[in-house]
Amino acid sequence: MILSQAKKIIVIGGGPAGLMAALIAAEDGADVTLLEKMGSVGRKLRITGKGRCNLTNSAELSDFLRKFSDRGRFIKPSFYRFSNTALIEFFERNNVPTKTERGGRVFPESDSAEDVVSALTRLAKKNGVQIITGAAVRKLIIKDGAVTGAELSTGKVYDADAVILSTGGASYPVTGSTGDGYKIAAAAGHGLMPPRGALVPVETSGNTAKELQGLSLKNVSVSVFADGKKKADEFGEMLFTHFGLSGPVILTLSRILSESLTSGAKTEVSIDLKPALDQKKLDSRLLRDLKTYGKQQIKTILKNLLPKKMIPVCLSLTGIPAGKEGNSVSADERKRLRVWLKDFRLRVFGCRGLDEAIITSGGIPVKEINSQNMSSKIVKNLFFAGELIDIDAETGGYNLQAAFSTGFVAGRSAASAKIT
Ligand SMILES: Cc1cc2nc3c(=O)[nH]c(=O)nc-3n(C[C@H](O)[C@H](O)[C@H](O)COP(=O)(O)OP(=O)(O)OC[C@H]3O[C@@H](n4cnc5c(N)ncnc54)[C@H](O)[C@@H]3O)c2cc1C
């Protein structure tokens with residue numbers, strides 16, 4: 001009796017895409033080796049969602065696809081085959097119960113990204129995946145237009161019937177995602193959409209942000225203005241840093257800010273600190289506070305309206321003396337205060353680099369990949385998964401879902417594909 005040998009699959013890169021691809025291919029009966037260049041897998045995954053891992057979003061499929069703009073069509077078949085619901089069920093089955101927070105963001109109940117990495121690693125090993133760390137791949141071995149293995153930087157060669165390339169993007173390179181996959185794929189004949197940082201913090205002029213550094217604002221509405229024209233707005237949380245602005249709302253708006261800067265427009269961010277109050281209601285509130293606490297200094301009265309750290313900045317930008325008593329604040333000063341509270345403007349002059357970007361836009365062009373099975377249209381038996389592909393979305397768990405879905409499809413397809 002002749003026993004058919006298990007198909008040999010090499011997965012390059014042990015992020016969420018590679019781990020999912022590896023454990024699924026192994027579950028389907030393949031003999032899988034995962035090559036990871038860092039000392040451990042899932043370095044970036046461990047720091048996602050500030051260590052809490054926003055692993056997906058509960059949004060409906062149509063909303064989900066919209067987050068990927070024109071790449072929605074490419075990612076759709078992967079989401080069909082492994083949806084957000086399927087991912088949640090997958091983690092629940094593997095002892096990682098989840099919870100859904102504001103904006104449909106799904107997290108492990110334990111708030112621990114470490115639990116997500118452990119579950120994936122445990123399952124990969126249980127399914128028989130051999131995980132080799134400290135193994136940096138430098139090129140693919142290609143014969144007659146088909147991949148036959150991968151070569152490490154040490155020169156060691158691993159033979160394979162199929163290879164899944166899942167080396168991530170080029171952002172946060174300290175986690176191992178240094179853009180190697182772009183070079184590996186290019187040497188095999190693939191093109192590249194230029195990698196750019198997406199979901200990046202932005203730099204602002206002057207010292208204002210620096211004075212407020214460390215301060216996080218919740219429930220604010222932030223708008224982007226290009227040459228005085230409003231381009232977009234977002235509601236939620238933001239953060240001041242020593243160089244400018246960060247936090248979820250700013251990261252989401254960073255694409256529009258970057259486009260505005262590239263076009264050469266005067267680019268500004270306007271923060272509405274009191275979005276729940278219109279100008280009229282805010283004026284009544286100011287009048288009431290100034291009257292009720294008329295004998296107190298304005299810097300004290302403002303404690304009812306603003307975080308302590310913002311008060312000196314507010315008074316300096318509105319030109320109201322800090323020691324002025326509530327009773328003596330003039331109508332014009334009150335107007336300046338009201339306008340500022342609804343429209344605190346900061347000039348943006350740049351975006352931070354790839355090092356600090358949450359995600360890389362650009363990568364392997366989607367037209368070179370079969371969206372049904374993640375296979376290369378250029379090299380036989382080669383598959384792609386994750387951020388390496390030219391797909392990226394807003395914050396909210398969409399990017400991890402894309403990594404898991406494309407990883408799932410690449411793993412399943414590689415295991416079942418007819419080797420040519
Ligand atoms: C700070 C931060 C927070 C984030 N938070 C979230 C979040 O909460 N929710 C969300 O949806 N997304 C989040 N993201 C984005 C998300 O982490 C990525 O989209 C996701 O990790 C991409 O998965 P991947 O497997 O494609 O790539 P990666 O996670 O980058 O993994 C690629 C792996 O390949 C390895 N590798 C690279 N080159 C080689 C080589 N030559 N040989 C062998 N191995 C190699 C790397 O070491 C790495 O382990 C966050 C990103 C950052 C930076």
Side-chain angles (χ1 to χ4, degrees), residues 10-22 33-57 64 67-68 84 87 101 103 105-108 111 113 116-117 120-121 131-140 150-154 158 163-185 187 197-201 246 248 251 352 354-361 363-364 374 384-389 391-408 410:
I10 300 285
V11 178
I12 307 173
L19 284 165
M20 182 60 81
T33 303
L34 188 153
L35 303 172
E36 165 55 52
K37 79 168 172 187
M38 301 299 276
S40 58
V41 293
R43 287 272 173 106
K44 189 176 275 180
L45 188 53
R46 277 191 176 86
I47 58 164
T48 53
K50 294 193 185 131
R52 295 175 62 222
C53 187
N54 176 196
L55 52 93
T56 187
N57 195 288
F64 225 105
K67 304 292 178 187
F68 290 83
N84 47 359
L87 181 70
E101 296 190 358
R105 291 166 190 254
V106 179
F107 293 87
D111 283 329
V116 174
V117 180
L120 291 166
T121 315
I131 297 179
I132 305 179
T133 53
V137 171
R138 72 169 165 214
K139 66 173 186 182
L140 300 175
E151 183 181 306
L152 299 191
S153 53
T154 56
Y158 287 85
V163 171
I164 299 170
L165 195 55
S166 50
T167 46
S171 52
Y172 262 70
V174 287
T175 61
S177 331
T178 47
D180 294 8
Y182 304 142
K183 290 177 222 137
I184 295 171
L199 302 181
V200 272
S246 188
L251 297 178
R352 299 296 271 188
L354 261 172
D355 283 9
E356 291 174 56
I358 297 297
I359 190 118
T360 313
S361 73
I364 308 301
M374 291 295 127
F384 292 99
E387 198 180 318
L388 167 75
I389 306 169
I391 43 171
D392 64 280
E394 290 174 17
T395 58
Y398 306 101
N399 289 301
L400 276 176
Q401 177 71 48
F404 287 125
S405 293
T406 54
F408 178 94

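Since we're looking at a predicted model, the values are computed, not measured. Whatever order the structure lists them in is the order used to number ligands and atoms, beginning at 1.
Within ligand 1, the atoms closer than 4.0 Å to a non-hydrogen atom of G386 are 26 (O), numbered from 1 in the order shown. Against a heavy-atom cut-off of under 4.0 Å, A17 is close to the following atoms of ligand 1: 25 (O), 26 (O). Near A403, the atoms of ligand 1 lying under 4.0 angstrom from a non-hydrogen atom of the residue are 23 (O). Heavy-atom contacts of I359 reach the following atoms of ligand 1: 19 (O) (cutoff under 4.0 Å). Each of the atoms 11 (O), 12 (N), 19 (O) of ligand 1 lies under 4.0 Å from some heavy atom of N399. Each of the following atoms of ligand 1 lies closer than 4.0 Å to a heavy atom of T48: 3 (C), 4 (C), 5 (N), 6 (C), 7 (C), 8 (O), 13 (C), 14 (N), 17 (O), 50 (C). Set against the non-hydrogen atoms of A135, the atoms of ligand 1 under 4.0 Å away are 42 (N), 43 (C). Atom numbering of ligand 1 starts at 1 in the shown order; those under 4.0 Å from a heavy atom of A136 are 42 (N).
Across all their heavy atoms, I364 and A185 have their closest contact at CD1-CB, 3.5 Å. Nearest heavy-atom pair across V11 and G18 is CG1-O, 3.6 Å. Minimum heavy-atom separation, P16 to L400: CG-CD2, 3.6 Å. When all heavy atoms of I391 and F68 are compared, the closest pair comes out as CB-CD2, 4.4 Å. The two residues T175 and Y172 have their closest heavy-atom pair at OG1-O, 2.7 Å. Taking all atoms of both residues into account, the shortest heavy-atom contact from A393 to N399 is N-OD1, 2.9 Å.
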Q: Test R105 against T395 for side-chain contact (heavy atoms from CB on, under 4.5 Å), laying out the working first.
A: CA-CA 9 Å; R105 291 166 190 254; T395 58; 3.5 Å; yes
Q: Please test T133 against S40 for side-chain hydrogen bond (donor to acceptor under 3.5 Å, both in side chains), starting from the C-alpha separation and ending with a verdict.
A: CA-CA 6 Å; T133 53; S40 58; over 6 Å; no
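In this structure, CD1 on I358 lies 13.0 Å from CZ on R352, to the nearest 0.5 angstrom. Note that CZ of R138 is 11.0 Å distant from CD1 of I184, once rounded to the nearest 0.5 Å. Going from atom CG of L55 over to atom CG of L45 covers 8.5 Å, rounded to the nearest 0.5 Å.
Looking at E387, its side chain does come within 3.5 Å of a backbone N or O of T360 through a donor-acceptor pair. Side-chain atoms of T406 come within 3.5 Å of backbone N or O of G386 as a donor-acceptor pair. Judged by distance alone, the side chain of S361 and the main-chain N or O of D392 form no donor-acceptor pair under 3.5 Å. Looking only at distances, a side-chain donor or acceptor of N54 sits under 3.5 Å from a matching main-chain atom of T56.
With a 4.0 Å cut-off on non-hydrogen atoms, E387 touches ligand 1 through its backbone as well as its side chain. Of all the heavy atoms of D180, the ones lying under 4.0 Å from any atom of ligand 1 belong exclusively to the side chain. If you look at A402 next to ligand 1, there are no close heavy atoms at all, none under 4.0 Å.
Atom 14 (N) of ligand 1 has its closest protein heavy atom at I358 CG2, 3.7 Å. At the shortest separation from atom 48 (C) of ligand 1 among protein heavy atoms lies E36 OE1, 3.5 Å. At the top of the distance list for atom 42 (N) of ligand 1, counting protein heavy atoms only, stands V137 N, 3.0 Å. Of the protein's non-hydrogen atoms, the one nearest atom 5 (N) of ligand 1 is G49 N, 3.1 Å. Of the protein's non-hydrogen atoms, the one nearest atom 12 (N) of ligand 1 is L400 CG, 3.6 Å. With hydrogens left out, the protein atom closest to atom 31 (O) of ligand 1 is G15 CA, 3.3 Å, a heavy atom. Distance from atom 27 (O) of ligand 1 to its nearest protein heavy atom, with residue and atom name: G168 CA, 3.3 Å. The nearest protein atom to atom 37 (C) of ligand 1, hydrogens excluded, is given as G176 O, 3.2 Å; this is a heavy-atom distance.
Proximity of L35 to ligand 1 is established by a heavy-atom distance of less than 4.0 Å. Distances shorter than 4.0 angstrom do not occur between any heavy atom of S171 and any atom of ligand 1. Put simply, no part of S153 is less than 4.0 Å from ligand 1, judged by heavy atoms. Ligand 1 has M38 within reach: a non-hydrogen atom of the residue lies less than 4.0 Å from it.
Partner T121 forms a side chain to side chain contact (heavy atoms under 4.5 Å, CB included) with one of V116, V41, L34 and no other, that one being V41.
Inter-residue side-chain proximity for K44 and S171 is flagged as met; some heavy-atom pair is nearer than 4.5 Å.
Where the criterion is an N or O separation shorter than 3.5 Å, residue side chain and backbone included, K37 meets it with respect to ligand 1. Considering backbone and side-chain N/O atoms, L388 never comes within less than 3.5 Å of an N/O atom of ligand 1. For ligand 1, the polar-atom distance check against P16 finds a nitrogen or oxygen pair separated by under 3.5 Å. When only interatomic distances are considered, the shortest N/O to N/O separation between I12 and ligand 1 does not fall below 3.5 Å. Residue-to-ligand polar distances keep I47 apart from ligand 1: every N/O pair is separated by 3.5 Å or more. Looking at ligand 1, you won't find any N or O of Y172 less than 3.5 Å from one of its N or O atoms. Checked against a 3.5 angstrom limit, the closest N/O atoms of A385 and ligand 1 fall outside it.
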